[in-house]
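Heavy atoms only: backbone and side chains are in, while hydrogens, waters and symmetry mates are out. Counting convention: from 1, in listed order, for ligands and their atoms alike. Here the structure is a predicted model, which is why all the values come from computation and not from measurement.
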Amino acid sequence: MHSPLQPAVPVVPPRVLPSPGVSDNPAAGVRQLWIVVLASLWIATVCNVALWRALANLPGLSSGQAATISVALALVIALATAALLSLLAWRWTLKPVVTLFLVSAAFGAYFMMAYGVVIDPNMMVNTLQTDLRETRDLLNWSMAGTVMVLAVLPSFFLWRQQVRRTGLARQALFNGLSLLAAGALLVVVVMLFFQSMASVMRNHTQVRYLINPLNSFYALGSVAARPFQRDESIVLPLGEDATLGASYTAQTKPPLLLLVLGETGRSGNFAINGYARPTTPQLARENIASQRNAWSCGTSTAASVPCMFSNFGRAGFESRPANYEGMLDVLQHAGLAVLWLDNQAGCKGVCDRVPNVSTLQLKVPGLCDGGECMDEVMLHGIDERIAALPAERRAKGVVVVMHQMGSHGPAYYKRSPPAFKKFLPECTSNSLQSCERDALVNAYDNSIVYTDHLLASAIGWLKAQEARSAPAMLYLADHGESLGENNLYLHGMPYGVAPDVQKRVPWITWLSPAFEQRSRVTMACLQQQLDAPISHDNYFHSVLGLMNVKTSVYTPALDIYARCAQ
Ligand SMILES: [Zn+2]
C-alpha cells in the first residue's frame, strides 16, 4: 500500500530547457564578432536616416558627391561604432550595451527626423532638464513606431540569440584584435575620402551632430565633463557695490518693474512687429515700444535664460571662467525687493538667491488643469505675494519676474484657452510634421494671442498700482521657434547655423508716466528707435539702468534705455 502522501507514479524530474542566450556547450551559438558587425551596420545605415536626408539636401553638392560622402560616412560610423562596441563587448555586457546603442540611436533618429533638430551638448542640456510635463507633450505614436522598428525589434532578435562563450583571456584578445582592425580600417577609409569629407564637415558643421548615436554620447560626455572645466557648485558674487541712484532720494512712489520672461516667442509672429495676422490686438491699444530687431543669446531656454541674466553677454558667457551671480542678485544687493514667479520648468539658477514661487502645485479653478496652469495664474494673488516681501525693500522698489509657459512647443494648442483660439483649425498633435502647416501656425499664433492678453492684463494690473508706485513692464522672449520652414521644427539648433526665426525675439517696453518721470526715459523716444539692433546682451544693463542701480558692473553703452534718458 502506498501512503496517501506518496505519489503512485515515480516522479520524473522535468527536463531543464536551455533558456535563450545560455548554453551548456561553449562552442555553440553566434560569435560575438557577428553581433558587433551586424549592430554596427544597422546603426550606421538605418538609424542614420536623418544624416542621409541632410546630405542629400546639402546645397552645392552633386548627387554623385553626396552619394560618395554618404558611403564614406556610413563606413566611418560603422567602423567607429564597431570599435566602441569591441571595447565594451564582454560576456555580460554585450547584449545590454548593444541594446543601449540601439535605443539611443532610435530616439536620436526620431527627434532628428521629426523636428529637424541636431543633437549637440546644448540640446543634451535641454533634454536633461526636461520635466515630466514636457516629456508628456513629446510622446506620440510615430515616436513609438520609430523606437519599435529601430530598437525594439533588433533588440528582441539579439536577446534571442545564443552567444558563443569564450574564456576571459581569449575574449580580451578577440576584443583587442577587433578594436585594432576596426581602427585600422577607419584610418584607411578616412584617408581615402579625406578631401571630400573634410570640405563638407568644414562647411556644414551641423552635419557632425547628426551622426547617430555617437552625437548623443559625445553630447552627454561633454555635458558630464563641464563640472571639471568649471566648478558648478560655486557661484561668485557680482555687483556687491550696488546702490540706488539719485531718483530714490525723496521718492513718493517707489518703482515697480515687471519683467515678463517669455517662452519661445517668434518676433515675426507679433502683429505689432508687422505680422499680417491680428495676433496682438490688445497690445496694439497700449502705449508700448516694441523692438523689431532684437536677438537672443541662445536658441534654447537652458542656453538663453542664464545668459540673459548675466553680465557676460553671448560672446563671454559660454567661456566664462566661473559662475557668477546675475541681474537679480545685483538688484537685491542694491536693496530692492525681488520676486520670481515661475509657470515653467524652473529658472535655470538665475532666481536661486531671491524669493521665488513655482505655480506647479497651484490648482486655481479655470486657470489650472492637469498639473499645468495658464500664464494668467501668475497675476492671481500677486498683490499678496508682493506684500509678503520685506517691507524696507518694498519701500525702495520692487522687481517681479514672471516666467511664462508662453508658446512652449510642440503642444502649442495647449498654450491658449478656448476663448483665445482665433485661428482654426489648430494642430492638436505633438507630431508636428504630421499636421498641415497652416494648422501648426494657427496653434502657434493662438499662443501669441494669449500672450498678448497676458501682457495687456499685466499692464492693466500695473496701471492699478499707479496710486502707490511708479510701474513699468519689460517683455522679452528667451528664443524663437521654427515652424516647419526648411523642415525644421522647435528650436535649439547650434547658434551659428540656427535660422533667424529661432534667434529673433520680441522685446516690448511699457512705462507709466510716473516711471517715465523718474527714469527720464520717454516712450516717445523709445518709439523712434524700434529698428535699432539690440540683443540679450543689452538686457542686464538695460534693467539696471531703468532701475537706476549704480554699480561697477553696469555698462551704460549696453543700456538701450540710456540712449533715451533726457
Ligand atoms: Zn525657452
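- Checked against the 6.0 Å centroid criterion, the rings of F540 and F312 do not qualify as a close aromatic pair.
- Taking 4.5 Å as the limit, every side-chain heavy atom of V260 sits out of range of all side-chain heavy atoms of D375.
- Applying the side-chain contact (heavy atoms from CB on, under 4.5 Å) test between R53 and each of L51, N57, L55 identifies N57 as the sole match.
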- [ ] Applying salt bridge (Lys or Arg N to Asp or Glu O under 4.0 Å), run through E481 and R415 and close with a yes or a no.
- [x] CA-CA 15 Å; E481 185 86 326; R415 308 293 166 240; over 6 Å; no

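- With sequence neighbours excluded, the residues that form a side chain to side chain contact (heavy atoms under 4.5 Å, CB included) with I382 are L341, I386, V400, M402, W461.
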- [ ] Please test R437 against E485 for salt bridge (Lys or Arg N to Asp or Glu O under 4.0 Å), starting from the C-alpha separation and ending with a verdict.
- [x] CA-CA 9 Å; R437 174 127 206 286; E485 298 90 356; 3.1 Å; yes

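- Within the protein, the N, O or S atoms sitting under 2.8 Å from the Zn ion (ligand 1) are E263 OE1, E263 OE2, T301 OG1, D478 OD2, H479 NE2.
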